[in-house]
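These numbers come from a predicted model, not from an experiment. Each chain gets a letter, A, B and so on, in the order the sequences are listed, and its residues count up from 1.
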2 protein chains.
Amino acid sequence: MSNRFIEKLRKLAELGEPELRALERVTAHPKTIRSRKDLIREGDPPGPVLVVLEGWAFRYKVLPSGTRQIMAFLMPGDACDLHANMLAEMDHSIQTVTEASIATINRADMNEMMTSYPRIACAMYVAQLIDEGTLRAWIVSLGRRSSVERVAHLILELFLRAVRIELSDGTTMELPLPQAVLADALGMTPVHINRILQELRRSGAIELSRGVLRIKDPAALTHISGFDANYLHKRLK
Amino acid sequence: MSNRFIEKLRKLAELGEPELRALERVTAHPKTIRSRKDLIREGDPPGPVLVVLEGWAFRYKVLPSGTRQIMAFLMPGDACDLHANMLAEMDHSIQTVTEASIATINRADMNEMMTSYPRIACAMYVAQLIDEGTLRAWIVSLGRRSSVERVAHLILELFLRAVRIELSDGTTMELPLPQAVLADALGMTPVHINRILQELRRSGAIELSRGVLRIKDPAALTHISGFDANYLHKRLK
DNA sequence: CGGTAGATTGACCAAGCTCAACTCACGTGG
DNA sequence: CCACGTGAGTTGAGCTTGGTCAATCTACCG
């Protein structure tokens, strides 16, 4: 009874039978959460570790002015808040996009697993490092890329992540993000996102409708975005 | 023979004599590095852990177009790349701003210290979590704050960090960042930074000249920036 | 068949960028 | 001791990217 979380970790470290069993035990009872539901809210004390087994979610923060900024997307297999128990409270919220299957691992189990199985710990550190690299890549996008570049870059990021976790056949993927969500991730307005998407469609680089993305011209998209796969292509030394 | 790194960690976890001695041993031979020198370049294989004992540095990435985006400032006491040895190569560069005193801790010593002294490991994890929170705060700034808000927010962040490591008396600090560097951190042009700084000076919130920053009206600055100290005020649970 | 959420369009506006000149502080060589 | 060079900071004028506002369209749903 594997799942997307286990599959992801298996790509980041060699895991044997006992490790796999431990991971299965600890993710055996996921809950189904409906779409657009906060899993964690800013200011909450840290609870259990959450793992997204199926569906999409995002980390976000809302400003005094009421605008929202999304700081990361969580796709199937992604976990949040590995070490957050060391801090007093959450500094941001997490919300589902789609209906999602979420496993919760309580702190004690998590700590025990991390100390008993160093390989699991290692895989999770690597996952966290990749996430951190992604945060930095977002900073670069928001700071120094034009809006077309930004949109193209995000699409490529999500697409490559989907390929890696086998959610994509290499050309097509489900992208269940409304334009308003893309806007809040990219620091733009929905109106402008809309125009940029049209531009990308017109240019022949992508197709996107009804939540299905199709990369028609990967080279063009890469070129437009100035994408440097480096930050996602981390592997074990 | 304490130093700023040790002092910082002492605020994040209870450290006893043996821990302090281990930290001293491992940072006993810092090197002096001149200003504007790359410590690490994108694409390098991961080397030893670097610790800034004195001086300022920043993480950055340069885009194909030649523009630069700064992703974090390193102040005295900050370390880089705790776990980077797990990855194949660096995805960004690090450069000094001022002359700096840098200790290098090789991987073996670091691993041994982290396993022998769990409290040191804990302190370093907390430090990393705070850094991650800072990355997310930058994303929020770049995505959703106006330029005045952005500048005010960064100034406050740096000021509060300076206070915490006792580099500031609570009103004044040295801020050795040229406007071009601020621009590359905030995703703006030097010209615009200049105008915004004048605006902040005119409003009576700050004084800033010759690398010395004085916070004249903290309340005003906080208000302008919409600052939420939460993300820096992390403490042990 | 009306209701709703998301996508799309158009007209207008403004924050922030570009380019280019100029100032100022400071250090160096004559 | 002073002219000059250099790097940072400052200023002005004009332009562009992306935002605002408001209407419209479309797919889907009870």
Side-chain angles (χ1 to χ4, degrees), chain A residues 34-37 56 63 65-70 95-99 141-155 174-202 206-213 224, chain B residues 34-36 56 63 65-70 95 97-99 141-155 174-202 206-213 224-226:
Chain A
R34 68 172 187 280
S35 64
R36 287 155 193 261
K37 174 115 173 36
W56 289 60
L63 297 192
S65 67
T67 59
R68 179 175 71 165
Q69 176 66 41
I70 291 174
Q95 181 171 119
T96 55
V97 181
T98 61
E99 185 175 285
S141 268
L142 290 166
R144 289 295 184 207
R145 278 193 251 259
S146 72
S147 53
V148 209
E149 294 170 340
R150 247 183 357 255
V151 173
H153 198 273
L154 178 61
I155 287 177
E174 288 197 27
L175 189 74
L177 306 177
Q179 295 181 357
V181 167
L182 290 174
D184 284 336
L186 294 168
M188 314 169 41
T189 57
V191 172
H192 199 51
I193 281 279
N194 183 286
R195 299 199 227 262
I196 299 294
L197 286 176
Q198 289 177 50
E199 193 178 326
L200 288 175
R201 284 188 275 241
R202 259 200 319 278
I206 64 167
E207 261 171 33
L208 174 60
S209 71
R210 301 145 181 273
V212 177
L213 168 70
I224 292 171
Chain B
R34 67 174 188 279
S35 65
R36 288 157 192 263
W56 288 62
L63 298 192
S65 66
T67 59
R68 179 175 70 166
Q69 177 66 40
I70 291 175
Q95 181 171 118
V97 180
T98 61
E99 186 175 285
S141 268
L142 289 167
R144 288 298 184 203
R145 278 192 252 261
S146 72
S147 53
V148 208
E149 295 169 340
R150 238 167 27 236
V151 174
H153 199 274
L154 178 61
I155 287 177
E174 288 197 26
L175 189 74
L177 306 178
Q179 293 181 358
V181 167
L182 290 174
D184 284 336
L186 293 168
M188 317 170 38
T189 57
V191 172
H192 198 53
I193 281 277
N194 184 286
R195 298 197 228 261
I196 299 294
L197 286 176
Q198 289 177 50
E199 193 177 326
L200 289 175
R201 284 189 275 244
R202 260 200 319 279
I206 64 167
E207 262 170 33
L208 174 59
S209 71
R210 302 146 180 271
V212 176
L213 169 70
I224 292 170
S225 69

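Straight-line distance from the CG atom of B/Leu197 to the P atom of D/dT10: 8 Å, rounded to whole Å. Going from atom CD of B/Glu149 over to atom P of C/dG16 covers 9 Å, rounded to whole Å. Between A/His192 atom NE2 and D/dC21 atom P there is a gap of 17 Å when expressed in whole angstrom units. Atom CD1 of B/Ile196 is separated from atom P of D/dT11 by 13 Å (rounded to the nearest Å). Counting to the nearest Å, the C1' atom of D/dT10 and the CD atom of B/Gln179 are 8 Å from each other. Atom pair B/Ile193:CD1 and C/dA15:C1' shows a separation of 14 Å (rounding to whole Å applied). We find that CG of B/Leu186 is positioned 12 Å from P of C/dG16, with the value rounded to whole Å. Atom C1' of nucleotide C/dA7 and atom CG of A/Leu213 are separated by 17 Å, given to the nearest angstrom.
Side-chain contact check for B/Ile206 versus B/Arg201: some heavy-atom pair is nearer than 4.5 Å. Under the 4.5 Å side-chain criterion, counting only non-hydrogen atoms from C-beta, A/Leu213 is not in contact with A/Leu177. Counting heavy atoms from C-beta on, the side chains of B/Val151 and B/Leu182 never come closer than 4.5 Å. Under the 4.5 Å side-chain criterion, counting only non-hydrogen atoms from C-beta, B/Gln69 is not in contact with A/Leu142.
In this structure, A/Ser147 reaches the D/dG18 phosphate: one of its side-chain N or O atoms is under 4.0 Å from OP1 or OP2. In this model, the phosphate group of C/dA7 is not approached by any side-chain N or O of A/Gln198 to a distance below 4.0 Å at OP1 or OP2. Neither OP1 nor OP2 of C/dC24 sits under 4.0 Å from any side-chain N or O of B/Arg210. Distances shown here put every side-chain N or O of A/Asn194 at or beyond 4.0 Å from the OP1 or OP2 atom of C/dA7.
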Review item, nucleotides 10-13 of chain C N/O atoms under 3.5 Å of protein N/O:
unit_1 : atom_1 : unit_2   : atom_2 : d
C/dG10 : N7     : A/Arg195 : NH1    : 3.2
C/dG10 : O6     : A/Arg195 : NH2    : 3.3
C/dA11 : N6     : A/Arg195 : NH2    : 3.2

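Nearest heavy-atom pair, B/Trp56 versus B/Thr98, reported as atom, atom and distance to 0.1 Å: N-OG1, 3.0 Å.
Both B/Ala180 and A/Arg150 lie near DNA chain D, and the one whose nearest nucleotide falls closer to the 5' end is B/Ala180.
If you check every strand for non-hydrogen atoms under 4.0 Å, B/Gly211 touches nothing. Heavy atoms of A/Arg201 sit under 4.0 angstrom from primed sugar atoms or phosphate atoms, though from no base atom. Using a 4.0 Å heavy-atom criterion, one finds that A/Arg36 contacts the sugar-phosphate atoms exclusively.
To the nearest 0.5 Å, atoms CD (A/Gln179) and CG (A/Leu208) are separated by 7.5 Å.
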Determine, step by step, whether A/Met188 and A/Ile196 satisfy the side chain to side chain contact (heavy atoms under 4.5 Å, CB included) criterion, reporting the C-alpha distance in whole Å, the side-chain angles of both residues, the deciding distance to 0.1 Å, and the verdict. CA-CA 11 Å; A/Met188 314 169 41; A/Ile196 299 294; 4.0 Å; yes
